[in-house]
K.L.:
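The structure under discussion is supplied below as structure tokens; questions concerning it will follow.
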Amino acid sequence: MDKMTVQGGHTLGGVVRASGSKNAVLPLIFATLLADGEHVLHNVPDLVDVNHACLLLESLGCTTSLRSGTLRIVVKPLKTCEASYDIVRKMRASILVLGPLLARFREAKVSLPGGCAIGTRPIDLHLEGMKALGAEITVESGYVLGKTLRLQGAKILFESPTVGGTENMMMAASLAEQETLIENAAKEPEILDLANYLNKMGARVEGAGTSIIKIRGVEALKAAEHSVIPDRIEAGTLLLAGAITGGEVTVDKCQPQDLESLNVKLTESGFKISVDKSSMTVHKCKEWRGVDITTSPHPAFPTDLQAQFMALMTQAQGTSVITETVFENRFMHVQELVRLNADITPKTRVAVVRGTCGQLMGAPVMATDLRASASLILAGLVASGETTVNRIYHLDRGYEKMEAKLTALGAKIQRLKT
Ligand code: UD1
């Protein structure tokens, strides 16, 4: 298993480009199942999760090729409607295959994704949504079995906003008979990107990005071409990397409007942030204050930046209270940050970070999930001596060329193949 070593104490500086969004491209890949033909997606990041999504499509009978950021997917009559345990267990987002399979092929057999390190993450809202559209859903031997004569439009009220659930419903409802209304829908930018792609395919989706989405079902869709939005979480992580070292870093080719909540909190903490049409800069800063954050669905502070922001707060003047409301078990990075000498007290969903503890000290640590691994690398950038982040494969799931990007900004970071 690969590890990464980080030599702390180097101030970052320069310009770095954001990659295409992981969380946007995954639903787009599954949406291609809604129409035969060649789909072309640009600005696709080369990530392990993207590779898994492509393998899933190939196991169903599609062909895929990713070259220089362009992903071509040829969808033709499928050889099976089964998404096997072996593939689904590697990536929870595989559940997004359920809606397209049911809508287009009227049957699906999809392995239950199971729990994951950051919480139990059930899929009950996905299944309730499919049932509301008229699908017959059962769960047998670890698989979700679904069938339908044809999905029927319906009104769906999510009891809490779910990103994946909203995406699954949008894809399914695009080929359903009549109109579907999703209430309390997730409003993340990735939802809007999916709606834009579905509409290019001939779907009629309105209201994406708000809490009410209306989808008028159509008889058939066609393959389309699209450029994936920039990854707001990667962009935010790179800004935080600059911030924690007190350096000046510009993230180019991003969508600053998607990072408003981070901008607000960095500014409140004492950083100066400049925003251009498609770039954001964090300016040099010697001292910053501890500020409180509470994660919540978009446009509030994203849970996917909580761990990285916590690393920044270990270096702040004063105390920061970090409240996680989206996932019930997303503080596993705390124990690892404490190994680096951070002063953090975790409670169930609240962590109190006392930033005046002095310098972090390099140590071997363990990445427990994708964003936790980014948090530990950020902490390693300012810890004295060397920090070794083990189980770095988590990082490869969602960050494209992270060590190359950080190295270009002046970090001393190295991947060790084992
Ligand atoms: C997506 C993102 C993930 C991000 C999360 C929240 C992708 C591929 N992943 O995950 O990076 O951290 O949004 O912004 O886009 N829930 C249920 N029942 C369900 C579905 C969800 O109880 O059927 C709960 C979850 O356990 C969680 C909350 O709802 O507590 C939000 O989850 P959801 O928005 O669905 O996250 P994902 O789509 O899995």
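Just so it is clear, the structure is predicted and the values come from calculations on it, not from any experiment.
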K.L.:
Whether the side chain of Thr180 engages the backbone of Ala173 through a donor-acceptor N/O pair (distance < 3.5 Å, no angle test) should be reported.
P.N.:
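Side chain of Thr180 to backbone of Ala173, a donor-acceptor pair under 3.5 Å: no, none is there.
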K.L.:
Output yes when Glu136 and Lys131 qualify as a salt bridge under the 4.0 Å nitrogen-oxygen rule, no when they do not.
P.N.:
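So Glu136 does not pair with Lys131 through a salt bridge.
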K.L.:
Quick one: closest heavy-atom pair of Glu58 and Thr64, and the distance?
P.N.:
OE2-OG1, 2.5 Å
K.L.:
Ignoring hydrogens, what is the shortest heavy-atom contact between Leu78 and Cys62? Give both atom names and the distance.
P.N.:
CD2-SG, 4.0 Å
K.L.:
Is it true that Thr295 and Gln306 share a donor-acceptor pair across their side chains at a distance under 3.5 Å?
P.N.:
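Distance-only check fails for Gln306 and Thr295.
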K.L.:
Would you call Lys76 and Asp36 a salt bridge, taking side-chain N to carboxylate O under 4.0 Å as the test?
P.N.:
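Looking at Asp36 together with Lys76, the answer is no, because their closest N to O distance does not fall below 4.0 Å.
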K.L.:
Considering residues, nucleotides and ligands other than Glu183, do more than 12 of their heavy atoms fall under 6.0 Å from its CD?
P.N.:
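Atom CD in Glu183 is crowded, with more than 12 foreign heavy atoms closer than 6.0 Å.
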K.L.:
Any donor and acceptor pair, going by atom type alone, linking the side chain of Asn168 with main-chain N or O of Gly99 inside 3.5 Å?
P.N.:
yes
K.L.:
Determine whether Leu312 and Leu378 satisfy the following criterion, side-chain contact (heavy atoms from CB on, under 4.5 Å), listing intermediate values before the conclusion.
P.N.:
CA-CA 8 Å; Leu312 180 73; Leu378 263 51; over 6 Å; no
K.L.:
With a cut-off of 6.0 Å (strictly less than), are more than 12 heavy atoms of other residues, nucleotides or ligands near NZ of Lys147?
P.N.:
no
K.L.:
Specify the closest pair of heavy atoms between Ile182 and Ala185, including all atoms of both residues, with the distance to one decimal.
P.N.:
CG2-CB, 3.9 Å
K.L.:
Is it true that a side-chain atom of Arg349 and a backbone atom of Thr325 form a donor plus acceptor pair closer than 3.5 Å?
P.N.:
yes
K.L.:
Would you sort out whether Tyr197 and His39 count as a side-chain contact (heavy atoms from CB on, under 4.5 Å), showing the intermediate values?
P.N.:
CA-CA 10 Å; Tyr197 187 56; His39 300 253; 2.7 Å; yes
K.L.:
Run the side-chain contact (heavy atoms from CB on, under 4.5 Å) test on Ile413 and Ile377 for me, step by step, so that the C-alpha distance in whole Å, both residues' side-chain angles and the decisive distance to 0.1 Å come before the verdict.
P.N.:
CA-CA 9 Å; Ile413 185 164; Ile377 288 176; 3.8 Å; yes
K.L.:
So does Arg391 pair up with Asp396, basic N to acidic O under 4.0 Å?
P.N.:
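Salt bridge flag = no for Asp396 with Arg391.
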K.L.:
Is the backbone N or O of Met313 less than 3.5 Å from a side-chain atom of Trp288, with the two atoms forming a donor-acceptor pair by type?
P.N.:
no
K.L.:
Does a side-chain N-to-carboxylate-O contact under 4.0 Å join Arg72 and Glu38?
P.N.:
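Here Arg72 pairs with Glu38 in a salt bridge, since their nearest N and O are under 4.0 Å apart.
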K.L.:
Taking all non-hydrogen atoms of both residues, which atom of Leu175 and which atom of Leu221 are closest, and how far apart?
P.N.:
CD2-CG, 3.8 Å
K.L.:
Any donor-acceptor pair under 3.5 Å linking the side chain of Arg17 with the backbone of Val251?
P.N.:
no
K.L.:
If I compare all heavy atoms of Val25 with all of Pro45, which pair ends up nearest, and what's the gap?
P.N.:
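Nearest heavy atoms, Val25 then Pro45: CG1-CD, 4.2 Å.
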K.L.:
List the steps and the verdict of salt bridge (charged side-chain N to carboxylate O under 4.0 Å, His left out) for Glu234 and Lys22.
P.N.:
CA-CA 9 Å; Glu234 186 217 21; Lys22 168 183 91 74; over 6 Å; no
K.L.:
Donor-acceptor check, side chain of Asp258 to backbone of Arg232, threshold 3.5 angstrom: yes or no?
P.N.:
no
K.L.:
Tell me if the NZ atom of Lys265 is crowded by more than 12 foreign heavy atoms within 6.0 Å.
P.N.:
yes
K.L.:
Please lay out, stage by stage, how Val48 and Tyr393 fare under the test side-chain contact (heavy atoms from CB on, under 4.5 Å).
P.N.:
CA-CA 9 Å; Val48 169; Tyr393 61 84; over 6 Å; no
K.L.:
Could you grab the distance from atom CG of Leu60 to atom CG of Leu56, nearest 0.5 Å is fine?
P.N.:
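Taking CG in Leu60 and CG in Leu56, the distance rounds to 5.5 Å.
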K.L.:
Please check if atom NZ in Lys90 has more than 12 non-hydrogen atoms from other residues, nucleotides or ligands closer than 6.0 Å.
P.N.:
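Yes, the 6.0 Å shell around NZ holds more than 12 heavy atoms from other groups.
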K.L.:
Ignoring hydrogens and angles, tell me if any N or O in the side chain of Asn43 forms a donor-acceptor pair with the backbone of Val228 under 3.5 Å.
P.N.:
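Confirmed, Asn43 side chain pairs with Val228 backbone.
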K.L.:
Ignoring hydrogens and geometry beyond distance, is a side-chain donor-acceptor pair present between Glu190 and His298 at under 3.5 Å?
P.N.:
no
K.L.:
Evaluate Thr5 against Glu386 for side-chain hydrogen bond (donor to acceptor under 3.5 Å, both in side chains), listing each step before the verdict.
P.N.:
CA-CA 7 Å; Thr5 58; Glu386 181 173 287; 4.7 Å; no
K.L.:
Does the Asp231 side chain pair with the main chain of Ser19, one donor and one acceptor, at a distance under 3.5 Å?
P.N.:
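It does not hold such a pair.
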K.L.:
For the atom pair NE2 (His394) and CG (Leu370), what is the distance rounded to the nearest 0.5 Å?
P.N.:
9.0 Å
K.L.:
Enter the distance from Glu268:CD to Ile293:CD1 here, rounded to the nearest 0.5 Å.
P.N.:
10.5 Å
K.L.:
Ignoring hydrogens, what is the shortest heavy-atom contact between Val44 and Leu41? Give both atom names and the distance.
P.N.:
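Looking at all heavy atoms of both residues, the shortest contact is CG2-O, 3.5 Å.
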K.L.:
Quick one: does NZ or CZ of Arg289 land under 6.0 Å from the six-membered ring centre of Phe271, within 45 degrees of the ring axis?
P.N.:
no
K.L.:
Just do the ring-ring contact (aromatic ring centres under 6.0 Å, His included) check on Tyr143 and Tyr85 with the steps written out, would you?
P.N.:
CA-CA 8 Å; Tyr143 277 81; Tyr85 174 69; 7.7 Å; no
K.L.:
Relative to the ring of Phe301, is the ring of Phe309 parallel (under 30°), tilted (30 to 60°) or perpendicular (over 60°)?
P.N.:
perpendicular
K.L.:
State the CZ-CG distance between Arg104 and Leu34, to the nearest 0.5 angstrom.
P.N.:
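Atom-to-atom, Arg104:CZ and Leu34:CG are 7.5 Å apart.
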K.L.:
So Gln308 and Ser375, side-chain hydrogen bond (donor to acceptor under 3.5 Å, both in side chains) or not? Walk me through it.
P.N.:
CA-CA 4 Å; Gln308 302 88 313; Ser375 162; over 6 Å; no
K.L.:
Will you find, in the side chains of Thr303 and Arg330, an N or O donor that is under 3.5 Å from an N or O acceptor?
P.N.:
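Arg330 and Thr303 do have a side-chain donor-acceptor pair below 3.5 Å.
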K.L.:
Say whether Ser373 and Asp369, considering side chains only, have a donor N or O and an acceptor N or O under 3.5 Å apart.
P.N.:
no
K.L.:
If we ignore hydrogens and angles and just use 3.5 Å, is the side chain of Asp252 paired with the main-chain N or O of Val16 as donor and acceptor?
P.N.:
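Between the backbone of Val16 and the side chain of Asp252 there is no qualifying donor-acceptor contact (under 3.5 Å).
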K.L.:
Is there a side-chain hydrogen bond (donor to acceptor under 3.5 Å, both in side chains) between Ser274 and His283 once you walk through the steps?
P.N.:
CA-CA 8 Å; Ser274 330; His283 294 276; 2.3 Å; yes
K.L.:
Test side-chain hydrogen bond (donor to acceptor under 3.5 Å, both in side chains) on His42 and Thr70 and set out the steps.
P.N.:
CA-CA 4 Å; His42 302 288; Thr70 295; 3.1 Å; yes
K.L.:
For the backbone of Val205 and the side chain of Asn199, can you confirm whether one donor and one acceptor N or O come within less than 3.5 Å of each other?
P.N.:
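Such a contact is found between Asn199 side chain and Val205 backbone.
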K.L.:
To the nearest 0.5 Å, how far apart are CG in Leu125 and CD1 in Ile156?
P.N.:
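So the gap between those two atoms works out to 11.0 Å.
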K.L.:
Is a donor from one side chain sitting under 3.5 angstrom from an acceptor on the other, for Ser84 and Lys109?
P.N.:
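Checked: Ser84/Lys109 side chains show no N/O donor-acceptor pair below 3.5 Å.
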